[in-house]
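Let me begin by presenting the structure, written as structure tokens, before commenting on it.
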Protein chains: 2
Amino acid sequence: MVTRSARDQDRDQDQLFAALANATRREVLRLLRDRGPQPVQALADHFAMRRPSLSEHLKVLREAGLVSEERRGRQRIYRLEAAPLAEVQDWLHPYERFWREKLKGLGDLLDRMPEDEA
Amino acid sequence: MVTRSARDQDRDQDQLFAALANATRREVLRLLRDRGPQPVQALADHFAMRRPSLSEHLKVLREAGLVSEERRGRQRIYRLEAAPLAEVQDWLHPYERFWREKLKGLGDLLDRMPEDEA
DNA sequence: ACCATAGGTAGGGGACTTCCTACGCGTCAA
DNA sequence: TTGACGCGTAGGAAGTCCCCTACCTATGGT
């Protein structure tokens with residue numbers, strides 16, 4: 001997967017951002033980050049929804065590459081896989097100077113003279 | 001809006017990530033970033049879809065705070081508003097050491113001894 | 001006044017999301 | 001081996017997303 005078509009990349013990024021566009025799934029990631037790998041039931045205890053619904057959220061996270069599972073007996077230990085988040089940061093990077101300039105209050109400068117350094 | 005309830009914050013983040021979970025909308029942001037503020041038709045020229053559909057994408061971006069519009073005659077000039085992306089970066093930050101460690105190949109260390117520094 | 005241009009809104013169709021309950025499969029314990 | 005436990009999947013209901021065509025308002029040119 002050294003090179004991907006632009007469509008594949010779009011699909012991956014759609015999937016990644018969509019996976020993050022849900023408070024339950026973001027909370028799962030936070031739990032795995034703060035408390036380490038856990039089985040499904042331990043995660044499910046933190047939410048009001050039924051366990052099968054959480055299973056579906058875990059599937060979305062798995063397909064986005066944000067978690068992995070390891071089978072241990074009858075449990076499945078879920079673990080945070082942060083690598084895709086590095087792609088989010090990469091995507092974010094070209095925008096960084098825009099919000100930094102805005103915060104400094106001189107944000108209109110570049111708006112007036114575009115595409116000179118694009 | 002110094003403080004918001006956890007639910008409001010969840011809703012805002014849902015909305016923000018959902019706005020980014022679409023290749024057309026990410027491309028709109030890129031165009032505004034690389035070419036500066038533009039009217040709707042100039043943006044629409046880059047896409048295969050009909051203009052009303054693009055208008056709806058612009059509405060999603062507006063409601064996420066990612067673009068602003070300025071009325072100039074019968075045109076509406078859309079402009080990138082990058083500030084919400086700073087919140088994405090803030091959200092990302094606590095995960096950063098996880099992918100950095102993973103890239104260095106020593107990623108299993110913390111997985112074994114969790115919550116000691118959370 | 002008239003018409004063309006710029007762009008938003010209404011309403012509808014098809015696909016997808018997010019929850020649910022019911023159920024199936026594999027594993028551990030008696 | 002029988003049962004309970006851990007977890008995924010099937011299927012369905014309600015809502016949302018993303019595209020379309022039709023239509024509306026507002027501005028500018030003649």
Side-chain angles (χ1 to χ4, degrees), chain A residues 7 10-29 31-32 35-81, chain B residues 7 10-29 31-32 35-81:
Chain A
R7 282 90 205 142
D10 281 352
R11 259 194 351 106
D12 287 355
Q13 289 187 330
D14 283 5
Q15 203 175 16
L16 181 53
F17 281 115
L20 299 176
N22 179 285
T24 298
R25 290 192 292 263
R26 287 194 304 277
E27 179 67 4
V28 167
L29 295 179
L31 288 167
L32 294 178
R35 311 193 173 197
Q38 292 174 63
V40 176
Q41 190 55 57
L43 293 168
D45 289 344
H46 293 275
F47 301 98
M49 72 185 59
R50 305 288 173 193
R51 193 194 37 73
S53 301
L54 185 66
S55 263
E56 284 160 15
H57 284 303
L58 290 171
K59 183 178 186 179
V60 172
L61 290 171
R62 244 186 292 121
E63 291 176 346
L66 287 164
V67 302
S68 60
E69 70 167 27
E70 172 200 354
R71 293 165 201 232
R72 293 241 319 241
R74 47 187 163 179
Q75 300 190 127
R76 305 199 184 185
I77 311 296
Y78 277 84
R79 176 185 303 254
L80 176 66
E81 296 293 341
Chain B
R7 284 89 203 144
D10 281 352
R11 259 194 352 104
D12 287 355
Q13 288 186 332
D14 283 4
Q15 200 176 20
L16 180 53
F17 281 116
L20 299 176
N22 178 285
T24 298
R25 289 192 291 263
R26 288 194 303 277
E27 179 68 4
V28 166
L29 295 179
L31 288 167
L32 294 178
R35 311 194 174 196
Q38 292 175 61
V40 175
Q41 189 55 57
L43 292 168
D45 289 344
H46 294 274
F47 301 98
M49 74 185 57
R50 304 289 173 190
R51 193 194 38 72
S53 301
L54 185 66
S55 262
E56 284 160 17
H57 283 304
L58 291 171
K59 185 178 184 178
V60 172
L61 291 170
R62 243 186 293 124
E63 290 175 347
L66 287 164
V67 302
S68 59
E69 69 168 28
E70 172 200 354
R71 293 167 201 230
R72 292 245 314 244
R74 48 189 161 178
Q75 300 190 126
R76 305 197 184 187
I77 310 297
Y78 277 84
R79 177 185 305 253
L80 176 66
E81 296 293 339

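Each chain gets a letter, A, B and so on, in the order its sequence line appears, and its residues count up from 1.
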_Set of residues satisfying side-chain hydrogen bond (donor to acceptor under 3.5 Å, both in side chains) with respect to N22(B), sequence neighbours excluded_ = none

*asked:* So R25(A), base contact, sugar-phosphate only, or nothing? Heavy-atom distance under 4.0 Å.
replied: sugar-phosphate

*Who pairs with Q15(A) by side-chain hydrogen bond (donor to acceptor under 3.5 Å, both in side chains), at least two apart in sequence or on another chain?*
none

*Please list, in 5' to 3' order, the outermost nucleotides of DNA chain C lying under 4.0 Å from any heavy atom of chain A.*
dT18(C) to dC28(C)

*For L54(B) and V40(B), which heavy atoms make the closest approach, and how far apart are they?*
CD2-O, 4.0 Å

*Apply salt bridge (Lys or Arg N to Asp or Glu O under 4.0 Å) to D45(A) and list each qualifying residue two or more places apart in sequence or on a separate chain.*
none

*Check each residue of residues 14-22 of chain A for a non-hydrogen atom within less than 4.0 Å of any atom in DNA chain C, then write out the ones that pass by number, or none.*
N22(A)

*Considering all heavy atoms of both residues, which atom of I77(B) and which atom of R72(B) are nearest to each other, and what is their separation?*
CG1-CG, 3.8 Å

_salt bridge (Lys or Arg N to Asp or Glu O under 4.0 Å) against R76(B), all qualifying residues, sequence neighbours excluded_ = E69(B)

Distances for protein N or O near nucleotides 2-8 of chain D N or O, under 3.5 Å:
| residue | atom | partner | partner atom | Å |
| --- | --- | --- | --- | --- |
| dC5(D) | O4' | R74(A) | NH1 | 3.4 |
| dC5(D) | O2 | R74(A) | NH1 | 3.2 |
| dC7(D) | OP1 | V40(A) | N | 3.0 |
| dC7(D) | OP1 | R76(A) | N | 3.4 |
| dC7(D) | OP2 | Q41(A) | N | 2.9 |
| dG8(D) | OP1 | Y78(A) | OH | 2.6 |
| dG8(D) | OP2 | S55(A) | OG | 2.4 |
| dG8(D) | N7 | R51(A) | NH1 | 3.1 |
| dG8(D) | O6 | R51(A) | NH2 | 3.2 |

*Identify, with sequence neighbours excluded, every residue that meets salt bridge (Lys or Arg N to Asp or Glu O under 4.0 Å) alongside R7(A).*
none

*Taking all non-hydrogen atoms of both residues, which atom of A18(A) and which atom of A21(B) are closest, and how far apart?*
N-CB, 3.5 Å

_Which residues share a salt bridge (Lys or Arg N to Asp or Glu O under 4.0 Å) with E63(B), sequence neighbours left out_ = none

_Shortest non-hydrogen separation from F17(A) to L20(B) and the atoms involved_ = CD1-O, 3.5 Å

*asked:* Under the side-chain hydrogen bond (donor to acceptor under 3.5 Å, both in side chains) definition, can you give me all pairs with a residue in residues 49-59 of chain A, not counting sequence neighbours?
replied: R25(A)-H57(A)

*Nearest heavy-atom pair of A42(A) and Q38(A): which atoms, and what distance?*
CB-OE1, 3.5 Å

*Round to a whole Å and report the spacing from CZ of R50(B) to P of dC23(D).*
16 Å

*Over its full length, what angle do the end axes of the helix from dA1(C)-dT30(D) to dA30(C)-dT1(D) make, each axis taken from five pairs and the result rounded to 10 degrees?*
20°

*Pair of N/O donor and acceptor under 3.5 Å linking dC19(D) base with E56(B) side chain*: yes

*Please list, chain by chain and in numerical order, all residues satisfying side-chain hydrogen bond (donor to acceptor under 3.5 Å, both in side chains) with Q13(A), sequence neighbours excluded.*
R26(B)

